[in-house]
Student: 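Got a structure for you, questions after.
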Amino acid sequence: AQSVTQPDIHITVSEGASLELRCNYSYGATPYLFWYVQSPGQGLQLLLKYFSGDTLVQGIKGFEAEFKRSQSSFNLRKPSVHWSDAAEYFCAVGPRGNNNDMRFGAGTRLTVKP
Amino acid sequence: GAVVSQHPSRVICKSGTSVKIECRSLDFQATTMFWYRQFPKQSLMLMATSNEGSKATYEQGVEKDKFLINHASLTLSTLTVTSAHPEDSSFYICSAPTSVGVEQYFGPGTRLTVT
């Protein structure tokens, strides 16, 4: 069965520092991969996605993620974190197929120190 | 981009009553919609897949008689929490894919509080 692991429950970084959020997946083939951000009490906002092609994908708000097949990873990065980036981040996988559901990681809560 | 709406955004109901949550795809048709549940500080857990014109498919452990799903049209799916109890208090999120095998678009969520 497909699964998503986000090893870090909570990460704290200083404003202006770089950020990397880890995501590992377990799936029989290359799935669709996504990163979402959720502010408290809000819905999900898509940051970026990987379907195929270039393994380094650019997203909104200065985020990027790199798909590494050999490591079954899809880590999210940002070179310089802003205070407004504080939120919950979810990695998700979606199987290639007809309208199938997505599976989410447990989430990583990002705190940004001034 | 595609937009999915949910109504209401927040609802408070008394224990034992039922509450209906609507999920609409505003500018596209969705033969399938998904309902997720999110407890505080936890991830989204898929509850069921809503299929237009047929019965919903429920995930293991989700009570189909308690969480009634109706997908009456290509743009509307409803989730009814019947005989709600405080433990049903949660954040319910729906989503709909726009194309086969491609990303889903998520609604803003509905915060249900059962008193």
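The chains referred to below are lettered A, B, ... by the order of the sequence lines, with proteins before strands, and numbering in each begins at 1. Source: prediction; values computed, not measured.
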Student: I would like to know whether F106(B) and F104(A) meet ring-ring contact (aromatic ring centres under 6.0 Å, His included); could you show each step before the answer?
Tutor: CA-CA 13 Å; F106(B) 286 82; F104(A) 287 82; 5.7 Å; yes
Student: Do you reckon V62(B) sits in the same ILVMFWY cluster as V19(B), going by side-chain contacts under 4.5 Å, direct or chained?
Tutor: yes
Student: Can you list the residues of residues 107-115 of chain B that sit under 4.5 Å from chain A, counting heavy atoms only?
Tutor: G107(B), P108(B), R111(B)
Student: Can you say whether I9(A) sits under 4.5 Å from chain B via the side chain, the backbone, both, or neither, judging by heavy atoms?
Tutor: neither
Student: Find out if a path of hydrophobic residues (ILVMFWY) with successive side-chain heavy-atom gaps under 4.5 Å connects V4(A) to L47(A).
Tutor: yes
Student: Minimum heavy-atom separation for A106(A) to S43(B), with atom names?
Tutor: CA-CB, 3.7 Å
Student: Which region of L46(B), side chain (C-beta onward) or backbone (N, CA, C, O), has a non-hydrogen atom less than 4.5 Å from a non-hydrogen atom of chain A, or is it both or neither?
Tutor: side chain
Student: Can you confirm whether H10(A) is buried at NE2, in the sense that more than 12 heavy atoms of other residues, nucleotides or ligands lie under 6.0 Å from that atom?
Tutor: yes
Student: Apply side chain to side chain contact (heavy atoms under 4.5 Å, CB included) to P114(A) and list each qualifying residue two or more places apart in sequence or on a separate chain.
Tutor: none
Student: Please say yes or no: joined through hydrophobic side-chain contacts below 4.5 Å, possibly via intermediate residues, are F91(B) and M45(B) part of one cluster?
Tutor: no
Student: Going only through I, L, V, M, F, W and Y residues with side-chain contacts under 4.5 Å, is there a path from Y58(B) to W35(B)?
Tutor: yes
Student: Between M102(A) and F34(B), does a side-chain contact (heavy atoms from CB on, under 4.5 Å) hold up when you go through it step by step?
Tutor: CA-CA 9 Å; M102(A) 300 176 68; F34(B) 301 99; over 6 Å; no
Student: Could you tell me which residues satisfy side chain to side chain contact (heavy atoms under 4.5 Å, CB included) with Q42(B), sequence neighbours excluded, listed by chain and number?
Tutor: F39(B)
Student: Please tabulate, for side-chain N and O atoms in residues 34-42 of chain A, each donor-acceptor pair with protein atoms closer than 3.5 Å (sequence neighbours left out).
Tutor:
unit_1, atom_1, unit_2, atom_2, d
W35(A), NE1, F74(A), O, 2.8
Q38(A), OE1, Q38(B), NE2, 2.9
Q38(A), NE2, Q42(A), O, 2.8
Q38(A), NE2, Q38(B), OE1, 2.9

